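The structure appears right after this line, and notes come after that.
Chain letters run A, B, ... following the sequence lines, proteins first and then strands; every chain starts at 1. Quantities reported herein were computed from a predicted structural model and do not represent experimental measurements.
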There are 2 protein chains.
Amino acid sequence: MLNYQAPLDLVFQALADPARRAMVERLSRSPASVSELARPFDMSLPAVMQHLDVLEASGLVRSEKVGRVRTCRVDDANLKLAGDWISKRRALWEQRFDRLADYLAEQKPKSKRRRKS
Amino acid sequence: MLNYQAPLDLVFQALADPARRAMVERLSRSPASVSELARPFDMSLPAVMQHLDVLEASGLVRSEKVGRVRTCRVDDANLKLAGDWISKRRALWEQRFDRLADYLAEQKPKSKRRRKS
DNA sequence: TTGATAGTTAAGCATGTACTTAAGTATCAC
DNA sequence: GTGATACTTAAGTACATGCTTAACTATCAA
């Protein structure tokens, strides 16, 4: 397990680059070939391929080659994984916030704070 | 804008490291001091500090020092930013999937495919 | 079979990242 | 003041990342 990278590491790492996010954005609309994907970028094809490798390694994108054209598409599963992780942290954070609100609501009436209006 | 890093770059980059995710996880339960935060890790204090710098630069964590103790807490805003980005891509992706389903639903009855059951 | 198209591989290079150790600087408790 | 506590800064190192150019391999079309 020394060289193991957790799926979330790979997904967040992949999303940390604006070019790769743009590619995911493009692919979430519809599948595309490598050159279609490369077109908007001021970047060599090999560079685009390397971004694609990162996206595939992270599981955010799958691709298959037919003839000389490789068609890429989004794979939702790992995007969901990342979304779920974030949701869980946010839920915990808000839960804590609610507990604080409850605590304050319990304390305030007993204190000599002035009423609203 | 040459050296500018978009907020999402910083947030996803920050979340790409398991130690930093663990810190966010810890802090989403309650605020903590630097040494509390460091305790679970087999890592020097300066290393923890550097992770904290990354988290603060990304806006995921805020901190303030009182006396000699720095207290860190989660800042939800940028976590939400990342969550929203992911939700949007997923929504687009599913929308496309639905359009495909509609298309198939429209085509199937006209074809000579066999009925279900 | 020849040329154009679509992608791939390899090598190299400049920066960035994730640590480390060593040596600080402010509190705080007595 | 003195020592312990809680960070903080600086410097160095190993490896990862994001590109580049050059050269190559498979289609496909005529």
> Can you check the B:L37 CG to D:dT8 P distance for me, whole Å?
Replying inline: 12 Å
> Can you check the B:F41 CZ to D:dC7 P distance for me, whole Å?
Replying inline: 15 Å
> Does a side-chain N or O from B:K65 land closer than 4.0 Å to OP1 or OP2 of D:dT8, or not?
Replying inline: yes
> Rounding to a whole Å, what distance do you find between B:L10:CG and C:dG16:C1'?
Replying inline: 13 Å
> Do you know the tightest heavy-atom contact between B:R62 and B:V74?
Replying inline: NH2-O, 4.1 Å
Residues 75-84 of chain B, side-chain donor-acceptor partners within the protein, below 3.5 Å, at least two apart:
unit_1: B:D75; atom_1: OD1; unit_2: B:A77; atom_2: N; d: 3.2
unit_1: B:D76; atom_1: OD1; unit_2: A:R90; atom_2: NH1; d: 3.2
unit_1: B:D76; atom_1: OD2; unit_2: A:R90; atom_2: NH1; d: 2.5
unit_1: B:N78; atom_1: ND2; unit_2: B:S58; atom_2: O; d: 2.6
unit_1: B:K80; atom_1: NZ; unit_2: B:D84; atom_2: OD2; d: 3.0

> Where along residues 47-62 of chain A does a heavy atom come under 4.0 Å from DNA chain C, residue by residue in number order?
Replying inline: A:M49
Could you go over nucleotides 25-27 of chain C and give all protein N or O partners under 3.5 Å, atom names and distances?
unit_1: C:dT27; atom_1: O2; unit_2: B:R68; atom_2: NH1; d: 3.2

> Can you check the B:E36 CD to D:dA6 P distance for me, whole Å?
Replying inline: 10 Å
>> Check this one for me: any side-chain N or O of A:S35 less than 4.0 Å away from OP1 or OP2 of C:dT5?
In response: no
>> Less than 4.0 angstrom between a side-chain N/O of B:S44 and OP1 or OP2 of C:dT20, yes or no?
In response: yes
> In whole Å, what is the span from the CZ atom of B:R70 to the C1' atom of D:dC7?
Replying inline: 8 Å
> Over how many whole Å does the gap from B:L45 atom CG to C:dA18 atom P extend?
Replying inline: 18 Å
>> Holding to side chain to side chain donor-acceptor pair (under 3.5 Å), I want the full list of residues that pass it with A:E36, two or more places apart in sequence or in another chain.
In response: none
> Are any of the side-chain heavy atoms of A:L55 and A:V24 separated by less than 4.5 Å?
Replying inline: yes
>> Holding to side chain to side chain contact (heavy atoms under 4.5 Å, CB included), I want the full list of residues that pass it with B:K65, two or more places apart in sequence or in another chain.
In response: B:R70
> Rounded to whole angstroms, how far apart are CG on A:D9 and P on D:dA16?
Replying inline: 14 Å
> How many angstroms lie between atom CG of B:L60 and atom CG of B:L52, to the nearest 0.5 angstrom?
Replying inline: 11.0 Å
>> Test of understanding: with side chain to side chain donor-acceptor pair (under 3.5 Å), list the residues that count as partners of A:R89, not counting sequence neighbours.
In response: none
> For the side chain of B:Q13, counting heavy atoms from C-beta on, which of C:dG7, C:dT17, C:dC19 is nearest?
Replying inline: C:dT17
> Got a second to check how far A:L92's CG is from B:L27's CG, nearest 0.5 Å?
Replying inline: 11.5 Å
> Is the closest side-chain heavy-atom distance between B:T71 and B:V66 below 4.5 Å?
Replying inline: no
